[in-house]
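Below you'll find the structure, written out as structure tokens, and then a few comments.
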There are 2 protein chains.
Amino acid sequence: MYGQYCGLARASDVVGERWGLLIVRDLLVRDQRFGDLKRGLPRIPTNVLTKRLKTLEEAGVVERKLLTSPRNTVVYSLSEFGRDLEDIVLALGRWGAKLLGEADLDEIVTPESLVMALRSTYRPEAVGQTSASYELHVGDVVLHAIIDQGKLSVEPGEYRGAALTITAGPAIRAVMAGELTPAEAVESGAVALEGEVTLFDQFAATFRI
Amino acid sequence: MYGQYCGLARASDVVGERWGLLIVRDLLVRDQRFGDLKRGLPRIPTNVLTKRLKTLEEAGVVERKLLTSPRNTVVYSLSEFGRDLEDIVLALGRWGAKLLGEADLDEIVTPESLVMALRSTYRPEAVGQTSASYELHVGDVVLHAIIDQGKLSVEPGEYRGAALTITAGPAIRAVMAGELTPAEAVESGAVALEGEVTLFDQFAATFRI
DNA sequence: CTGGATCCCTCACGATACTG
DNA sequence: CAGTATCGTGAGGGATCCAG
């Protein structure tokens, strides 16, 4: 399509089209059904989603699995080749995060986007070999991050027993970008804490744009 | 444009549009004038190139410089922020290289694409602390790679005094992918060597898809 | 209800010609 | 050389509809 015999051109063909990498992002968090993807990417037309999934499948990035367990449904899953995109998606998300200012009013945050945001901004050197656990609420989105001896796991959903529960709006980005100190964020009411509130400083140091 | 408050979505806005990353690729090799970019990307319409350059400039990825030295001309150059894309472009090119089969007849190889191909497939562990220098000819494209104590430099153009000069077609990919042994490639005439021909084995081990 | 297919409209892209 | 102008086409956006 670009007329170039070049790896980057081939990659652009497969995952460089509109919506392509966002679909991969969501699949990196967990397997998804068609409707899940549509819910996570509300602005994508269904015909485009269908087309992208077909392209990705033909390129060996995505696998289409038929589930018979509850009833016949389709699940989309990344192949091993597709999973190789993880570091690239994380790096590109980290790069693009520097372009994030305030959120537009019509912009949403999804569980998948936030999970990848935390995974991409994680700084192992900030935590050393310590451990911690956070439950994060941003709007309706709930996810949790567990750091076990320096190893990070971020997943969607609640985590009972999190050491610290953080409730915030998109302003959480300002904290992660260092534009707002943790103390200021709490004071202004932009962030609410529950649990070991002193851990919030560590959170802000651990996830950094 | 995607309705998501997400770093990856912002990155897709800026460099994810058609031709975007290929323009960045070419600028990673060297500063380029409008005509240089057009020559390196023959299939891009000039109005699209104009638009992309404007988008990239507004995002702070590209800087537009006015040269007065020979005469008034414009040169496009990556900003520091734009240079941060280097590892991502290399990784994505490496990933996409796995999708490269035979070249289509209408596909071209440019100096920029080949330079980045070598940079992205370089395996430092294959050379250790040794040194070597290669001049590579693929079609009309000439470039050279110099490895000095394990440190790689790949640039367009000739290099007088290269230890080994390699002349090949797109089949050089098959060697780098391990589908063709260096010996087979030479025997079949797909690759011609000049200089320290025994170095070709090392070349094939050093640049690996 | 899920997993799409279809329709229609718009706009971005592609090709080419032209200008300061 | 560095774009701008014009115009045709195809892909994307949005809503609705349909089959299992």
Side-chain angles (χ1 to χ4, degrees), chain A residues 1-4 9 12-24 26-27 30-59 62-77 104 106-108, chain B residues 1-4 9 12-24 26-27 30-59 62-77 104 106-108:
Chain A
M1 303 216 334
Y2 293 91
Q4 306 226 340
S12 296
D13 281 343
V14 175
V15 296
E17 288 173 300
R18 202 155 159 63
W19 297 106
L21 280 180
L22 293 181
I23 293 170
V24 172
D26 285 6
L27 290 172
R30 48 185 167 183
D31 291 357
Q32 308 250 10
R33 290 175 302 173
F34 189 91
D36 297 331
L37 289 165
K38 175 64 181 160
R39 248 187 308 287
L41 268 21
R43 302 254 266 249
I44 193 176
T46 57
N47 55 353
V48 174
L49 179 53
T50 300
K51 193 175 172 189
R52 291 291 173 277
L53 287 170
K54 191 169 301 183
T55 301
L56 291 169
E57 190 190 353
E58 286 168 358
V62 160
E63 286 162 3
R64 197 172 186 278
K65 296 178 180 170
L66 288 149
L67 290 193
T68 52
S69 45
R71 71 175 135 290
N72 284 12
T73 67
V74 182
V75 167
Y76 295 93
S77 175
D104 275 12
D106 58 350
E107 286 185 321
I108 63 170
Chain B
M1 305 218 332
Y2 293 92
Q4 306 225 342
S12 297
D13 283 342
V14 174
V15 297
E17 287 173 300
R18 202 156 158 64
W19 299 105
L21 280 180
L22 293 181
I23 294 170
V24 171
D26 285 5
L27 290 171
R30 48 185 167 183
D31 291 357
Q32 308 250 10
R33 289 175 304 172
F34 190 91
D36 297 331
L37 289 165
K38 174 64 181 161
R39 245 187 311 285
L41 269 17
R43 301 253 266 251
I44 193 175
T46 55
N47 54 354
V48 173
L49 178 53
T50 301
K51 194 175 172 189
R52 290 292 173 278
L53 287 169
K54 192 169 299 182
T55 301
L56 290 169
E57 190 190 353
E58 286 169 356
V62 159
E63 286 163 4
R64 196 172 186 277
K65 297 178 180 170
L66 288 149
L67 290 192
T68 53
S69 45
R71 71 176 137 289
N72 283 12
T73 68
V74 181
V75 167
Y76 295 92
S77 175
D104 275 11
D106 59 349
E107 285 185 321
I108 63 170

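The structure presented is a predicted model; accordingly, all values stated were derived computationally and were not measured. Throughout, a chain's letter reflects where its sequence line sits, starting with A, and its residues are numbered from 1.
The 5' end of DNA chain C is approached more closely, in terms of each residue's nearest nucleotide, by A/Thr46 than by the other of A/Thr46 and B/Glu17. The residue among A/Asn47 and A/Met1 whose nearest nucleotide of DNA chain C lies closer to the 5′ end is A/Asn47.
A/Thr50 comes within contact range of the sugar-phosphate backbone alone, with a heavy-atom separation under 4.0 Å but no base atom that close.
Checked by atom type, the side-chain pair A/Tyr76/A/Arg64 shows a donor-acceptor distance below 3.5 Å.
The closest side-chain heavy-atom distance from B/Ile44 to B/Ile23 is below 4.5 Å. Within the 4.5 Å cutoff, the side chain of A/Lys38 has no heavy atoms near those of the A/Arg33 side chain. Between B/Val62 and B/Ser77 there is no side-chain heavy-atom pair separated by less than 4.5 Å. Side-chain contact between B/Asp106 and B/Arg43 is present, with heavy atoms from C-beta onward closer than 4.5 Å.
Proximity of a side-chain donor or acceptor of B/Gln4 to a complementary backbone N or O of A/Leu22 within less than 3.5 Å is not detected. Proximity of a side-chain donor or acceptor of B/Glu58 to a complementary backbone N or O of B/Thr55 within less than 3.5 Å is not detected. One N or O on the side chain of A/Arg52 and one on the backbone of A/Arg18 form a donor-acceptor pair closer than 3.5 Å.
Interface limits on DNA chain D: the 5'-most and 3'-most nucleotides within less than 4.0 Å of chain B heavy atoms are D/dA2 to D/dT6. Taking a heavy-atom distance under 4.0 Å as the criterion, the stretch of DNA chain C touched by chain B extends 5' to 3' from C/dC13 to C/dA17.
Under a cutoff of 6.0 Å and an axis angle of 45°, B/Arg39 and B/Phe34 do not form a cation-pi pair.
Tested against A/Leu66, the residues A/Thr73, A/Val75, A/Val74 include a single side-chain contact (heavy atoms from CB on, under 4.5 Å) partner, A/Val74.
Taking a 4.0 Å limit (strictly below) on heavy-atom distances, residues 33-44 of chain A reaches DNA chain D at A/Arg43.
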